[in-house]
Amino acid sequence: MTEKVLIISSSSRKNGNSAALAGQFAKGAADAGNEVELIYVEDIKPEFCKGCLYCQTHENCIIRDNMKNVLARVQNADVLVFATPVYYYSVSGQLKTFLDRLNPLFVRKNRFRDVYVIATCADGDVSAFDGVIKAIEGWIECFDGVELKGKILCGSVTAPGDINGNAKLGEAYRAGKNIN
Ligand SMILES: Cc1cc2nc3c(=O)[nH]c(=O)nc-3n(C[C@H](O)[C@H](O)[C@H](O)COP(=O)(O)O)c2cc1C
């Protein structure tokens with residue numbers, strides 16, 4: 001079955017490590033015949049959520065920025081993939097801002113069911129990803145029937161390109177290929 005896969009890459013380094021994994025996931029999912037879209041938070045430049053809760057009683061967010069075009073794409077995807085560098089033991093500020101701005105979906109009927117997380121960090125210890133997993137699980141918890149289906153975590157990478165040749169690229173490709 002063809003799935004709509006939306007990959008949200010949140011590092012501002014489009015040539016960076018998490019973006020490389022996101023690209024491989026996208027390739028795998030596309031090779032398996034799925035409809036794949038990869039977006040960069042850096043291009044969307046979402047403003048911070050104001051916490052006004054206007055979105056809980058109105059169709060849209062009160063902030064008129066690029067998130068307006070993104071909301072329906074998130075809402076109508078089957079699979080969401082969040083890619084982030086570890087920043088101070090959590091997700092990037094870019095991803096956190098993006099997730100907060102999905103608040104209009106909190107009161108809507110959404111299609112997405114499966115979530116994958118992709119994360120990279122400099123630390124070699126897998127516990128460095130705990131805060132990322134917790135943050136994504138916290139977001140998922142707020143949407144009925146949504147599940148964390150997979151995690152692709154790559155430590156010991158710092159500079160863009162450090163991930164070249166890493167086996168995790170193959171893992172990301174296979175995860176994308178096997179989403180069904
Ligand atoms: C602001 C900032 C905070 C960071 N915090 C951590 C951290 O807490 N733990 C860690 O292992 N690496 C940390 N790093 C390193 C990045 O996670 C690492 O370089 C990662 O591979 C970057 O992914 P990217 O290439 O996709 O941007 C930090 C980097 C920056 C710029």
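Atoms within a ligand are numbered from 1 in the order they appear, just like the ligands themselves.
Ring orientation note: the planes of F143 and W139 are tilted relative to one another, at an angle of 30° to 60°.
In summary, D78 and R111 engage in a salt bridge, as defined by a charged side-chain N under 4.0 Å from a carboxylate O. Using a 4.0 Å cut-off between charged side-chain N and carboxylate O, E147 and R113 make no salt bridge.
Y116 pairs by the ring pair (Phe, Tyr, Trp, His ring centres under 6.0 Å) definition with F25, not counting sequence neighbours. Judged as a ring pair (Phe, Tyr, Trp, His ring centres under 6.0 Å), and not counting sequence neighbours, F129 has no contacts. Under the rule for a side chain to side chain contact (heavy atoms under 4.5 Å, CB included), the partners of D43 that lie at least two apart in sequence or sit in another chain are K14, Y40.
Ligand 1 lies under 4.0 Å from heavy atoms of S11, R13, G16, N17, S18, P85, V86, Y87, Y88, Y89, T120, C121, A122, D123, V157, T158.
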